[in-house]
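Remember, it's 1-based here, ligands and their atoms both numbered in the order they're listed.
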Amino acid sequence: MLEGIHTEEIIARGQAVIMNTYGRLPMALTRGEGSWVWDAEGKKYLDFLTGLAVNSLGHSHPAIVSAIQEQAKLLLHTSNLYWIPNQVALAERLVANSFADKAFFCNSGAEANEGAIKLARKYAKKRYDEQKFEVISLESSFHGRTLATLTATGQKKYQEGYEPLPAGFSYVKLNDSTELEARVNDRTAAVLIEPIQGEGGVYPADEEFLQTARRLCDKYGALLIYDEVQCGLGRSGKLFAYEWSSVTPDIMTLAKALGGGIPIGAILATDKVAAAFQPGDHASTFGGNPLATAVGCAVLDIMLAEGFFQDVQKRAAYFRSGLEKLAAKYQTAGAIRGQGMILGWPVAKSGPEIVEACRKQGLLINCVGGLTLRFLPPLIARETEIDQALAILDSIFSQVWNG
Ligand SMILES: Cc1ncc(COP(=O)(O)O)c(C=O)c1O
């Protein structure tokens, strides 16, 4: 382990041995507690990005630490050749609190979406015919970096250089029901939607669009897949973002916050759909291992405790109204978007500069699509911490914005 080493040396040694796939910031985080993280130089930051919506319960939550410690002493991994009691317990919690009847566990968001696409194609071929394999997803969506999921991702920049891409993917504009209506047909196996687009710029799908997607899927025997990898698990202020609407999907994917920092992903589905997978059809060596699922249970126990989401919604509304006041004060580009603790502030200019100024003043956020500041605070962020974040933003806007 690289302990007690300065940032410059970590970066130099990292550049020598790690593939150059990330545009990393010149800092290394070494410790976290609650809403706060510390870098290798001992500088403290308010973490309003939470490892990209993973550390939703904050850093070093005692219940998560203890679940990891207890399980590590017992058993870390067994493979899915055997039944895994923690996996059963986590599936029971997810099923009891969602539309779904069955779960499949894997290790990441991309793997969950890849599996969901496979499930939809298997279902379509078993129930209908060979021609039913098309997946319709949305422009500016993000579903992962495997070949199928980057193809489902409606952004060219993630696809370039990886051609030929898998066949059968096409895109419609978010919230354009007319375009969706024109596109879904007998060959459609699935419509894939993030109820709130995250990487694409924090754009929520509207109720009418979701209802149209549901109606068209029912009409043509296609499956409605929700990717709740980022917006799920409390981020929207309810356990699942789909709970804010009248529409339920047939398949839903999860990852990120489910393991509180331990890698895990999940595909949830109704019985009818899940039955398309039979032994040998899909698998993952690490998927749902005893450690990851013990932590998943601990995460859900905290989130499902009485009053947890009421409290999150209250503090999320407080944060949003603070951002709205700042957006009005500095007359920025448009309204604050998002729901609960996934919020986007369209600034249309100076996004990267503002993010960098925030980092220097000890607030971690990022900018999506180059134009929107994205906030993914811990669900447990206190009002005083929200006040600190708002004060930093205010002071930065007062310097950067009219310059
Ligand atoms: C909505 C959504 N789906 C899928 C993914 C991919 O998840 P992972 O990076 O765990 O593969 C992400 C990652 O940001 C995401 O935001």
Side-chain angles (χ1 to χ4, degrees), residues 19 21-24 48-56 104-120 135-155 157-159 162 169 171 174 190-205 210 224-236 240-242 244 249 251-268 284 286-289 292 295-296 299 337-344 364-369 372 374-377:
M19 287 196 198
T21 60
Y22 301 104
R24 296 181 203 258
F48 270 35
L49 200 52
T50 50
L52 298 169
V54 169
N55 305 109
S56 289
F104 173 90
F105 292 102
C106 53
N107 306 289
S108 69
E111 196 187 345
N113 285 327
E114 183 85 20
I117 293 165
K118 285 176 68 181
L119 177 59
V135 175
I136 298 174
S137 57
L138 303 181
E139 288 173 15
S140 70
S141 59
F142 186 82
H143 300 294
R145 302 293 199 124
T146 63
L147 262 186
T149 59
L150 71 82
T151 308
T153 292
Q155 303 188 55
K157 66 178 177 190
Y158 295 113
Q159 300 170 349
Y162 299 113
F169 291 84
Y171 320 94
L174 173 67
V191 175
L192 172 57
I193 296 176
E194 288 162 85
I196 305 170
Q197 287 188 345
E199 301 302 309
V202 192
Y203 288 101
L210 295 174
L224 182 58
I225 306 176
Y226 278 0
D227 176 346
E228 292 220 13
V229 165
Q230 183 163 156
C231 64
L233 292 156
R235 193 56 36 216
S236 74
F240 301 116
Y242 81 82
W244 290 102
I251 302 177
M252 179 168 69
T253 55
L254 303 172
K256 291 194 186 273
L258 184 55
I262 295 291
I264 184 169
I267 307 169
L268 303 187
S284 178
F286 289 118
N289 87 4
V295 183
V299 166
R337 297 191 295 264
Q339 177 100 46
M341 293 290 200
I342 172 168
L343 295 173
L364 300 181
I365 59 167
N366 82 343
C367 179
V368 278
T372 301
R374 178 176 52 170
F375 302 91
L376 298 165

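With hydrogens and angles disregarded, no donor-acceptor distance shorter than 3.5 Å links the side chain of Q339 to the backbone of W244. Put simply, the side chain of E114 never gets that close to the backbone of A110: no donor and acceptor are under 3.5 Å apart.
Within a 4.0 Å radius of atom 9 (O) of ligand 1, the protein contributes no non-hydrogen atoms.
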Evaluation steps, side-chain hydrogen bond (donor to acceptor under 3.5 Å, both in side chains), between E199 and Q230: CA-CA 9 Å; E199 301 302 309; Q230 183 163 156; 3.1 Å; yes
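In this comparison of G109, A152, A255, the heavy atom closest to atom 7 (O) of ligand 1 sits on G109.
In this structure, the ring of F142 has its center less than 6.0 angstrom from the ring center of Y158.
Note on E228 versus R235: no salt bridge recorded, every NZ/NE/NH1/NH2 to OD/OE distance being 4.0 Å or above.
No heavy atom of L52 sits closer than 4.0 Å to any atom of ligand 1.
Between the side chains of T149 and N113, no donor N or O sits under 3.5 Å from an acceptor N or O. In this structure, a donor-acceptor pair under 3.5 Å is present between the side chains of T372 and R337. Donor-acceptor pairing under 3.5 Å is lacking for the side chains of T151 and Q159.
Of all protein heavy atoms, the one closest to atom 16 (O) of ligand 1 is Q230 NE2, 2.8 Å. Closest protein heavy atom to atom 14 (O) of ligand 1: K256 NZ, 3.0 Å. Atom 11 (O) of ligand 1 has A110 N, 2.8 Å as its closest protein atom, hydrogens excluded (heavy atom only). Atom 15 (C) of ligand 1 has F142 CD2, 3.7 Å as its closest protein atom, hydrogens excluded (heavy atom only). The closest protein non-hydrogen atom to atom 3 (N) of ligand 1 is D227 OD2, 2.7 Å.
Within the 4.0 Å heavy-atom criterion, neither part of Q197 lies near ligand 1. Using a 4.0 Å cut-off between heavy atoms, H143 contacts ligand 1 through its backbone alone, with no side-chain atom that close.
Within ligand 1, counting atoms from 1 as listed, the ones closer than 4.0 Å to a heavy atom of N113 are 3 (N), 4 (C). For ligand 1, the atoms sitting less than 4.0 Å from at least one non-hydrogen atom of E194 are 1 (C), numbered in the order shown with element in parentheses. Atoms of ligand 1 found under 4.0 Å from any heavy atom of S108, numbered from 1 in the order shown, are 10 (O), 11 (O).
In this structure Y203 satisfies the ring pair (Phe, Tyr, Trp, His ring centres under 6.0 Å) test with no other residue, sequence neighbours excluded.
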